[in-house]
There are 2 protein chains.
Amino acid sequence: MINQYKDEDKVLLAVDCIIFGFDNEELKLLLIKRDFEPEKGKWSLMGGFLKKSEVLDEAASRVLQHLTGLNDVYMEQLYSFSKIDRDPVERTISVAYFALINIADHNSELSESHSAQWFGLEDMPELIFDHNAMVKHAIRRLRYRTATQPIGFELLPEKFTMRQLQKLYEAIFDHELDKRNFTKKINAMDLLVRLDEKDMTSSKKGSFLFKFDEQKYKKKVMDGFSFKV
Amino acid sequence: MINQYKDEDKVLLAVDCIIFGFDNEELKLLLIKRDFEPEKGKWSLMGGFLKKSEVLDEAASRVLQHLTGLNDVYMEQLYSFSKIDRDPVERTISVAYFALINIADHNSELSESHSAQWFGLEDMPELIFDHNAMVKHAIRRLRYRTATQPIGFELLPEKFTMRQLQKLYEAIFDHELDKRNFTKKINAMDLLVRLDEKDMTSSKKGSFLFKFDEQKYKKKVMDGFSFKV
DNA sequence: TCAAAAGTGTTTTACATACACCCATGA
DNA sequence: TCATGGGTGTATGTAAAACACTTTTGA
């Protein structure tokens, strides 16, 4: 078969990862300080190029794994960015992905070796290229996804307190929530299992730990779901 | 500056358009019968390759314009598909776009010259490559977008009756709606202007024509918006 | 005069919101 | 004993859903 596509333009395809974490207080992003040109020394999302042997999801996982050491992470393709001069070196289209990780899980030596650092959404530096726009987009998507599927749990450790979960939702929606109403709504979802175990670090009384029920969780994700603020 | 990207793989980037239309009864898709290999003679979405001089949105508009003659159409980037062998000729990543057009507006000679044809979602043929998956994805997005922004109007002529609008929403959500509740909800949106004009084709009594108020429409799109079924 | 679609309001139900006090404990 | 965060229920408002009859007019 002759190749009827041979006169078409080829381009570089990058993936860039918006990596969200949660430190029990605020939503954070893992950014790297570029140690190569162009824009050396500036802050940037972690990225890489698609190889011919990979699909996009694999490329994004590889990039994430490279920076955090983590596998099996919640990732979702976001949007493809294609401004002509977005990368000054060469025409590059970038497919943005966002990832939700548990900060405690990531390999911090690996991150440090990439001069990576967590930033709160409020005190983030300016990023290179169109990365600021990617982050904006990712926050919107995270809010929508959280309102639609219980993916918030991906950002928490396996066992967590109701207050941690609430703080997380508050951070994602940037909106204070009522403790009682929140508990009610979460319980109505019927996704959590309360353990016979308390976290004693946050108060003298201690607060119950929960984990979420993966079976029910998967079912809810399938059926759709709604959380409103 | 030396090109530090020179060892990276380059790929072909395609755009494929999911083109929705509405014929007052059902949602339809504009498909083309391929007249070139591979998969010649099979049904497919309209597509094309990204040129180095274009951004993705431009490529998608060009492809759409080529088939329908239409400019200034509602289009939205959907998702990028990257399975290794999705196109057997060469490694090609495709960025899917969806478009909403008014069937009456499109240039039907142009479409015919591409052997294009409208299909209801129910009686659609199997499509080549991963185009079926693209369509599925597009329907999901269209539902979400319609629930979130009043974009349904993009599929209607300038003047339309309340029943046409209802039929459209019913087609999008594949769900019958109550006439009274629908009218109430649409009126509450405060987007429509009732004209002193009736459409006499659908009944003896005739039914009022409406148009939507572009000013208010734009404002609502900005502010966000909610329509639930 | 009747068939066919248009138009129009009220009641019921579910869900979101607002709101305040007691509990357990370590210091 | 008291300061701190944890845990819980009820009343109110708002939006969705269910539901049926009258109007107009061309055939």
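Here is how names work: the chains are called A, B, and so on, in the same order as the sequence lines, proteins then strands, and each is numbered from 1. If you're wondering where the values come from, they're calculated on a predicted model, not measured in any experiment.
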Euclidean distance, atom NZ of residue A/K185 to atom C1' of D/dG7 [Å, nearest integer] | 19 Å

Candidate nucleotides C/dA5, D/dG7, C/dT8, ranked by approach to the side chain of B/S202 - the nearest = C/dA5

Toward the 5' end of DNA chain D, which comes first, B/K204 or A/R180, by nearest nucleotide?
-> A/R180

Value in whole Å for how far the P atom of C/dA5 lies from NZ of B/K167 = 9 Å

CG of B/N24 versus P of C/dA5: gap in Å, rounded?
-> 14 Å

In whole angstroms, the gap separating P of C/dT17 from CD1 of A/I186 amounts to 13 Å

Hey, mind stepping through B/F81 and B/Y79 against ring pair (Phe, Tyr, Trp, His ring centres under 6.0 Å) and telling me if it holds?
-> CA-CA 7 Å; B/F81 293 79; B/Y79 197 79; 5.3 Å; yes

Counting distance only, does the side-chain N/O of B/S44 pair as donor-acceptor with the main-chain N or O of B/R34 below 3.5 Å?
-> no

Can you tell me the distance, in whole Å, between the CG atom of A/N181 and the P atom of D/dA11?
-> 15 Å

Passing candidate, side chain to side chain contact (heavy atoms under 4.5 Å, CB included) with A/L155, options A/L165, A/L27, A/T146 | A/L27

Considering residues, nucleotides and ligands other than A/K198, do more than 12 of their heavy atoms fall under 6.0 Å from its NZ?
-> yes

Just how far, in rounded Å, is P of D/dT22 from NZ of B/K179?
-> 14 Å

What is the distance from CZ of B/F208 to C1' of C/dG7, rounded to the nearest Å?
-> 10 Å

Where the side chain of A/S203 is defined as all heavy atoms beyond and including C-beta, which of D/dC19, D/dG6, C/dG7 is the nearest nucleotide?
-> D/dG6

Name the closest nucleotide to the B/K184 side chain, picking from C/dT10, C/dA3, D/dT4.
-> C/dT10

Rounded to whole Å, the CG-C1' distance (A/L165 to D/dG7) equals 15 Å

A/K205 or B/K198: which one's nearest nucleotide on DNA chain D is closer to the 5' end?
-> A/K205

